[in-house]
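Notes to accompany the following structure.
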Amino acid sequence: MSRELAKTYDPAGIEDRLYQKWLDKKYFHAEVDETKKPFTIVIPPPNITGQLHMGHALDETMQDILIRFKRMQGYNALWQPGTDHASIATEVRIINKLKEEGINKEDLGREGFLERAWAWKKEYGGTIVNQLKKLGSSCDWDRERFTMDEGCNRAVKEVFVKMYEKGYIYKGSRIINWCPVCNTSISDAEVEYEEQAGHFWHIRYPVLNEDGSESGEYLEFATTRPETMLGDTAVAVHPEDERYRHLIGKELMLPLMNRKIPVIADEYVDREFGTGVVKITPGHDPNDFEVGKRHDLPVINIMNDDATINANGGKFEGMDRYEARKAIVKELEEMGLLVGIEDHVHNVGTHDRCGTTVEPMVKAQWFVRMDELIKPAQQAVKKGEIRLVPESMQKNYFNWTDNIRDWCISRQLWWGHRIPAWYCADCGETVVSRTDPECCPKCGSRKLSQDPDTLDTWFSSALWPFSTLGWPDDTPELRYFYPTDVLVTGYDIIFFWVIRMIFSGYEQMGEKPFHTVLFHGLVRDAQGRKMSKSLGNGIDPLEIIAKYGADALRLTLVTGNAPGNDMRFYYEKVEANRNFANKIWNASRFIMMNLGETAPTKPAQEELAPADRWIISKANSLVRDVTENMEKYELGVAVQKIYDFIWDEFCDWYIEMVKPRLYEKEDAASRNAALYTLKSVLIDALKLLHPYMPFVTEEIFCTLQDEEESIMVSSWPLYTESKNYPEEEHAIETVKEAIRGIRNARTGLNVPPSKKAQVFVVSALEEKRSIFEKNRDFFRVLAYASEVHIQEDKSGIGEDAVSVVIADVNIYLPLGELVDIEKEAERLKKEEERLLGELKRVDGMLSNEKFLAKAPESKLAEERAKKEKYSRMLEQVREQISHLSGK
RNA sequence: GGGAUCAUAGCUCAGCUGGGAUGAGCGUCCGCUUGACGUGCGGGAGGUCACAGGUUCGAACCCUGUUGGUCCCACCA
């Protein structure tokens with residue numbers, strides 16, 4: 001096999017080719033295998049209407065990292081993919097498309113509409129999936145599911161019927177949020193509150209005498225929505241409000257409608273607010289609805305579904321709600337009942353899909369009773385059975401579970417799961433059934449009609465962790481892969497989805513759906529704004545992939561960002577990561593060039609140079625740290641360590657150190673040891689990096705070696721005690737320190753690398769001199785020296801040499817230029833102060849009983865060693881100071 | 001109104017349950033045809049970790065308060 005790579009890494013072509021290979025080899029596919037431990041992630045199903053955006057890209061990348069990591073660790077890793085039918089989003093999209101053709105949905109009829117919808121799904125539903133593939137997502141596509149496929153439909157019906165039978169699902173007339181544009185009810189979670197500038201209209205209603213005549217007294221209040229007065233059925237005051245006590249029980253004349261309404265007393269009224277009087281409209285305000293229930297008030301619905309006034313609105317019938325508002329205010333003013341208008345900013349509920357102001361309306365809808373269901377979901381998080389990462393998300397979670405209200409699940413849409421309830425035209429019986437009933441079980445009538453409504457999209461997604469594994473059937477997959485392991489999602493859908501999956505899991509399966517929820521934040525633009533269509537500031541992940549490669553994008557999305565935090569997207573960051581891909585590419589290219597056609601053989605222990613052992617040892621700790629971080633879901637921290645290791649330690653130091661051994665071919669054993677180490681350390685680093693950058697790592701891996709056919713099914717590196725070489729680590733770090741000192745000095749003295757210099761490395765310590773002696777080549781190469789002299793430092797400061805002091809090593813550069821003695825003295829003084837500070841700190845720790853009792857032995861030893869080191873350094877610095885002052 | 005969260009280098013952010021500001025990317029300055037890479041190499045400048053107190057031998061990290069920003073929830077008509 002030829003080991004040649006192009007001079008720069010160009011992801012184009014490579015990525016698609018490798019992805020196809022993985023698909024062909026079925027590497028993504030997971031089968032039930034009792035001999036292996038499963039690791040499962042279910043994808044948050046993207047909407048079929050969706051276009052891949054940065055949010056998806058982040059979400060998928062995190063999941064892919066985890067699943068690839070676990071797969072390499074030897075788990076039987078299943079990433080269960082699928083898409084969501086997204087009832088309202090899709091229905092809106094199709095309606096709009098029909099509109100372009102001049103068709104409205106009713107013309108087509110339900111059947112015809114659904115036909116169009118399925119055709120649409122067939123045409124566009126796969127788009128998002130293909131886009132996910134561009135990212136490198138290692139989903140088991142053989143198991144792809146859809147929330148409205150046959151299995152999911154059965155799961156939905158099963159759950160609906162079961163919960164209905166248990167009394168958890170009921171139909172009731174309650175006040176719900178109505179979207180007049182989408183023409184459907186929506187749940188509380190779908191309402192978004194928006195601050196809007198509005199007004200307070202101060203209005204008064206005349207108080208009536210017992211005989212119905214006007215008493216001349218008025219009751220004044222303020223309202224932000226005067227048009228709802230058409231549906232007023234009372235006016236309320238606080239029961240203990242002295243100002244109005246005498247009016248409680250009396251009647252008022254509702255102007256414009258000429259309806260008598262009572263004055264009632266209810267604690268809901270805040271005496272301090274406004275006039276302490278509230279008009280009560282049970283038909284169009286959730287609070288008023290509750291008040292109405294307590295007082296048995298009639299509920300009057302004054303609006304049609306499109307938010308125009310209906311027949312109950314008298315002469316305002318047919319007007320839009322805002323037109324009616326104007327007209328009503330005008331008439332009240334003419335009647336002298338408008339006391340004043342005041343500017344007021346208030347929160348208005350809008351539909352999160354279309355932005356329309358939501359209208360509270362009383363309608364017969366289906367609900368899920370939450371009080372019982374929520375308990376296990378609450379407990380699970382409280383007891384730590386389900387872990388939220390980051391933990392701070394618990395507050396959010398409990399905020400919702402503690403205040404949960406019944407979930408309105410019926411939608412007046414056609415695209416979705418139709419509610420499995422039928423009504424008997426003859427006896428009025430409601431039949432809820434898994435199968436379509438032929439006749440009424442109560443009266444035998446065949447005049448049954450199915451409820452026209454469909455279910456909230458989230459009803460089916462709530463079942464996703466088990467419906468995708470085959471539930472309600474008792475499948476091997478379900479037994480093996482459930483509960484799943486980690487759910488990765490944005491914190492913005494905790495309420496819509498996460499909570500609902502959790503309680504559904506406990507209710508239907510008797511077990512949690514996953515043990516960990518890993519949250520990520522939003523991807524914002526460079527200015528920190530949300531990416532949105534209206535702002536036009538969205539960045540298309542596919543464009544980034546085309547230009548920089550999926551690897552660079554993936555890395556960009558997971559670095560420098562803690563779980564749950566929002567991040568900003570910078571092109572500069574992507575570029576930096578593209579550069580990193582190129583860096584690895586070139587390091588690998590270099591290694592392959594030197595490898596030639598023969599593979600290096602495993603060297604004997606004693607053939608390994610100190611530098612080899614050093615990098616092996618470093619790589620070994622890297623394996624331990626990275627694995628640990630990844631297991632704690634610290635994906636960004638982990639990859640940062642890999643990045644630093646590859647770029648700094650491996651490329652900038654180790655490869656440079658090894659070059660002389662590669663070029664001087666006399667010592668075959670040494671060359672072989674170097675090549676072997678280069679190759680094996682590179683392979684380990686590639687493996688660690690693979691979950692993050694699957695494509696470059698695979699391409700290099702396959703070119704570099706012939707033993708294994710893919711890095712993605714190779715095994716994760718293991719931390720091995722025997723690969724620890726603390727002595728060599730110490731030695732090479734010492735050498736690095738000295739070399740850095742020389743480089744510094746050279747820069748300070750303005751000596752370019754091309755100008756090779758004699759270098760005197762001088763140390764008072766026998767130990768160091770011997771280390772330098774063993775690694776003297778490095779000085780030549782890395783410090784650009786012509787000659788290297790290692791000498792004992794007897795004087796502290798040399799007599800006729802220029803000296804620069806780095807730590808406790810003196811480096812003499814006989815270049816004929818003198819260092820500024822005063823500056824040097826100043827520097828030494830500072831160094832002395834620093835060391836004194838350090839010693840004080842270490843002493844503090846070592847004399848602290850609590851610390852001594854608690855700290856692990858390794859930490860103690862480390863601190864003691866530091867103490868020694870600092871004392872020694874201090875001694876030397878002081879010696880040098882005295883030498884200098886003697887001059 | 002309640003709650004959460006953030007404030008660290010010019011910019012964007014890491015900083016692992018108190019122990020050397022350990023830092024990254026970008027930017028900036030100086031210097032490099034060092035035979036993998038200029039998508040590169042070497043070196044530098046730049047931080048009283050928002051402010052004020054407190055706990056501690058020791059605080060960016062814990063507590064209290066202040067200021068400023070972001071977000072979530074909430075019926076104040």
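No hydrogens, no waters, no symmetry mates; every other heavy atom, side chains included, goes into these values. The sequence lines fix the lettering, A, B, ..., with proteins before strands; numbering per chain opens at 1.
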(message) Using heavy-atom distances to pick each residue's nearest nucleotide on RNA chain B, tell me which of A:Arg225 and A:Lys530 is more 5'.
(response) A:Lys530

(request) Determine the Euclidean distance between corresponding C1' atoms of B:rU8 and B:rA59; express it in Å to zero decimal places. (result) 14 Å

(message) Counting Watson-Crick and G-U wobble pairs with both distances under 3.5 Å, what is the dot-bracket string for RNA chain B, 5' to 3', using [ ] for crossing pairs and | for pairs to another strand?
(response) (((((((..(((((....[..))))).(((((.......))))).....(((((..]....))))))))))))....

(request) Among the candidates B:rA24, B:rC76, B:rA36, find the nucleotide nearest to the side-chain atoms of A:Phe273. (result) B:rC76

Look for any protein N or O under 3.5 Å of an N or O in nucleotides 40-47 of chain B and output each such pair with its distance, or none.
from, atom 1, to, atom 2, distance (Å)
B:rG40, OP1, A:Asn579, ND2, 3.2
B:rG40, O3', A:Lys583, NZ, 3.1
B:rC41, OP1, A:Lys583, NZ, 2.8
B:rC41, OP1, A:Trp647, NE1, 2.5
B:rC41, OP1, A:Asp652, OD1, 3.2
B:rG42, OP1, A:Asp652, OD2, 3.4
B:rG42, O3', A:Arg743, NH1, 3.4
B:rG43, O3', A:Asn744, OD1, 2.4
B:rG44, OP1, A:Asn744, OD1, 2.7
B:rG44, OP1, A:Asn744, ND2, 3.3

(request) Select base, sugar-phosphate, or nothing to describe what A:Glu656 touches, counting heavy atoms under 4.0 Å on all strands. (result) base

(message) Please tell me whether A:Thr228 and A:Lys279 have a donor and an acceptor in their side chains that are separated by less than 3.5 angstrom.
(response) yes

Can you tabulate the close N/O pairs, meaning under 3.5 Å, that link protein atoms to atoms of nucleotides 10-14 of chain B?
from, atom 1, to, atom 2, distance (Å)
B:rU12, O4', A:Tyr570, OH, 3.2
B:rU12, O3', A:Arg568, NE, 3.2
B:rC13, OP1, A:Arg568, NE, 3.2
B:rC13, O2', A:Gly560, O, 2.5
B:rA14, OP1, A:Asn565, ND2, 2.7

(message) Under a 3.5 Å cutoff, is there a donor and acceptor pairing between the side chains of A:Asn629 and A:Gln640?
(response) no

(message) Checking contacts here: which listed nucleotide (B:rA74, B:rA77, B:rC37) is nearest the side-chain heavy atoms of A:Phe200?
(response) B:rA77

(request) Tell me what A:Lys659 touches on the nucleic acid: a base, only sugar-phosphate, or nothing, going by heavy atoms under 4.0 Å. (result) base

(request) Nearest whole angstrom, please: distance from the P of B:rG15 to the NZ of A:Lys632. (result) 12 Å

(message) Between A:Arg174 and A:Asp406, does any NZ, NE, NH1 or NH2 come within less than 4.0 Å of an OD or OE carboxylate oxygen?
(response) yes

(request) Identify the residue among A:Arg524, A:Lys530, A:His520 that makes a side chain to side chain donor-acceptor pair (under 3.5 Å) with A:Asp566. (result) A:Arg524

(message) When the C1' atoms of B:rU22 and B:rG47 are compared, how many Å lie between them, rounded to an integer?
(response) 13 Å

(message) On RNA chain B, compare the nucleotides closest to A:Tyr193 and A:Val345; which residue's is nearer the 5' end?
(response) A:Tyr193

(request) Ignoring hydrogens and angles, state whether a donor on the side chain of A:Tyr205 or A:Asp232 is under 3.5 Å from an acceptor on the partner side chain. (result) yes

(message) With a 3.5 Å distance limit and no angle check, can you tell me whether A:Glu656 reaches the backbone of A:Trp653 through a side-chain donor-acceptor pair?
(response) no

(request) Ignoring the backbone of A:His344, work out which of B:rA36, B:rC73, B:rA77 is nearest its side chain. (result) B:rA77

(request) State whether a side-chain donor-acceptor pair under 3.5 Å links A:His238 with A:Asp266. (result) no

(request) Go through the steps to decide whether A:Asp188 and A:Asn177 satisfy the test side-chain hydrogen bond (donor to acceptor under 3.5 Å, both in side chains), and finish with yes or no. (result) CA-CA 7 Å; A:Asp188 295 337; A:Asn177 307 294; 3.0 Å; yes

(request) Could you tell me whether A:Lys641 and A:Glu649 have a side-chain N and a carboxylate O separated by less than 4.0 Å? (result) no

(message) Between A:His344 (side chain only) and A:Phe200 (backbone N and O only), is there a donor and an acceptor less than 3.5 Å apart?
(response) no

(message) Distance check, P atoms only: B:rG38 and B:rU33, in whole angstrom units.
(response) 15 Å

(message) Work out how far the P atom of B:rU67 is from that of B:rA60, and round it to whole angstrom.
(response) 24 Å

(request) For the pair A:Asn582 (side chain) and A:Arg578 (backbone), establish whether a donor and an acceptor sit closer than 3.5 Å, ignoring hydrogens and angles. (result) no

(request) Select one nucleotide: of B:rA4, B:rC37, B:rC75, the one nearest the side-chain heavy atoms of A:Lys395. (result) B:rA4

(message) Under a 4.0 Å threshold between the charged nitrogen and the carboxylate oxygen, would A:Arg325 count as salt-bridged to A:Glu227?
(response) yes

